[in-house]
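Quick note: residue numbers are just sequence positions, from 1. Values reported hereafter were calculated over all heavy atoms of this structure, with side chains retained and with hydrogens, waters and symmetry mates removed.
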Amino acid sequence: MQKKFETVNVLGLDFIKATQAQFLSQLTQDSLAHKNRFVVTANPEIVLAAKDDPIYAQTLATADYITADGIGIIKGAKILGEPLPERVTGYDTMEALIAWAAKNDKSIFFLGAKPEVLQKVLTKAKEKYPTLKIAGSCDGYFKDENKVAQLIKEAHPDFVFAALGFPKQEFFIAKHRELAPAIWMGVGGSFDVFSGMTKRAPKWWIDHHLEWGYRLVKEPSRFIRMLALPKYLLLVYRKKFFNK
């Protein structure tokens, strides 16, 4: 496909140089034109996972757009001398696309999360956006992947939001994306936030790039996962100064 955005390579992944508004504009254009698109919203954990798993890296390389979902990616690009405009988060993108879909007669397939979380997502989506067309849904605890893929094919959705966690969501999308000319996007834990089961950081924390700190305070068990950030930054500095 013709590249819509310039990209910046951060430890092997090509991140689009776009603002949230620019990216949303592109996705809505793609949807109106019935284009098939694979969107990855990547943070440092995903970058590290791709470095450790060549098959995952190859899968991510097939994505049409990789966005900087995490302040660590923004900092890494700046350190490498090729700054990105701003974070383009999976959650904000997903919510904006739900609102747009409701206004433009577009349908959504919601895939992933626990059954009770998914049900809350569907309920809230219909309450907040009464005109939204929900093409279908399936929680993330399915046993038969092919059966879920068939459900999506038969639903003919315009958007597929996969909240399966990485790398499962990206592997699923890459394998099945041709079943529908839709915008396919991995959204990680966004269903938990949208449903209200997990509270998102207040605006002040987000504006000051401290959302990770708020989540750590609320969920101390995330400490081990947070260790990915210093490891990632160490690799960025190694790349900058030693080109390794």
Side-chain angles (χ1 to χ4, degrees), residues 1-30 37-53 56-97 100 166-167 169-170 183 185-190 193 200-216 222 225-244:
M1 79 176 245
Q2 182 180 1
K3 294 292 184 181
K4 300 296 184 181
F5 299 107
E6 293 181 6
T7 59
V8 172
N9 189 282
V10 179
L11 300 183
L13 296 189
D14 292 325
F15 290 86
I16 59 169
K17 292 183 71 172
T19 64
Q20 187 90 46
Q22 289 169 337
F23 184 51
L24 285 171
S25 176
Q26 183 60 55
L27 287 182
T28 55
Q29 290 178 47
D30 289 344
R37 296 290 186 253
F38 174 11
V39 180
V40 174
T41 59
N43 58 20
E45 285 184 280
I46 288 178
V47 172
L48 292 179
K51 285 188 71 64
D52 291 337
D53 183 349
Y56 187 42
Q58 291 170 13
T59 298
L60 297 184
T62 68
D64 297 285
Y65 309 113
I66 301 179
T67 76
D69 186 353
I71 190 60
I73 303 300
I74 300 298
K75 289 185 179 297
K78 186 176 181 179
I79 291 167
L80 293 171
E82 294 189 77
L84 291 163
E86 64 181 17
R87 288 178 64 199
V88 179
T89 71
Y91 181 80
D92 291 320
T93 301
M94 182 190 78
E95 188 161 39
L97 289 174
W100 183 84
F166 77 88
Q169 60 195 17
E170 286 79 31
I183 308 297
M185 184 168 76
V187 296
S190 293
V193 178
R200 197 180 187 194
K203 187 174 184 300
W204 184 91
W205 291 73
I206 296 173
D207 290 345
H208 288 79
H209 310 303
L210 294 171
E211 192 169 5
W212 61 271
Y214 180 85
R215 294 177 71 183
L216 183 58
R222 294 179 63 87
R225 288 184 62 183
M226 291 295 181
L227 293 178
L229 184 56
K231 179 181 178 181
Y232 157 82
L233 289 174
L234 184 63
L235 291 175
V236 169
Y237 279 111
R238 185 180 178 189
K239 176 69 174 177
K240 179 178 176 62
F241 293 110
F242 303 103
N243 196 31
K244 293 182 178 180

Distance col, row Thr41:OG1 vs Phe166:CZ, nearest 0.5 angstrom, shows 11.0 Å
Residue set satisfying salt bridge (Lys or Arg N to Asp or Glu O under 4.0 Å) with Asp14, at least two apart, ordered chain then number -> none
Asn43 (side chain) donor-acceptor with Ile46 (main chain) under 3.5 angstrom = yes
Sub-4.5 Å side-chain heavy-atom contact between Leu233 and Ile79
yes
Exercise. So, do Ile16 and Gln26 sit near enough that their side-chain heavy atoms are less than 4.5 Å apart?
Worked result: no
- Any donor and acceptor pair, going by atom type alone, linking the side chain of Glu170 with main-chain N or O of Tyr56 inside 3.5 Å? no
Interatomic distance, CD@Gln22 vs NZ@Lys17, rounded to 0.5 Å, equals 10.5 Å
Do Leu13 and Val10 come within less than 4.5 Å of each other through their side chains, counting heavy atoms only? no
Fill in: Donor-acceptor pair, side chain of Asp64 and main chain of Phe38, under 3.5 angstrom
yes
Derivation and outcome, side-chain contact (heavy atoms from CB on, under 4.5 Å), residues Leu48 and Leu235: CA-CA 9 Å; Leu48 292 179; Leu235 291 175; 3.5 Å; yes
(Q) Could you tell me if Gln29 and Ser25 have a donor-acceptor pair between their side chains, going purely by distance under 3.5 Å? (A) yes
Distance col, row Ile73:CD1 vs Thr67:OG1, nearest 0.5 angstrom, shows 9.5 Å
Taken in chain and number order and not counting sequence neighbours, the residues that satisfy ring-ring contact (aromatic ring centres under 6.0 Å, His included) with Phe23 are Tyr65
CG (Asp69) and CD1 (Ile74) are apart, to the nearest 0.5 Å, by 10.0 Å
Residues passing the side-chain hydrogen bond (donor to acceptor under 3.5 Å, both in side chains) test with Ser190, sequence neighbours excluded, are none
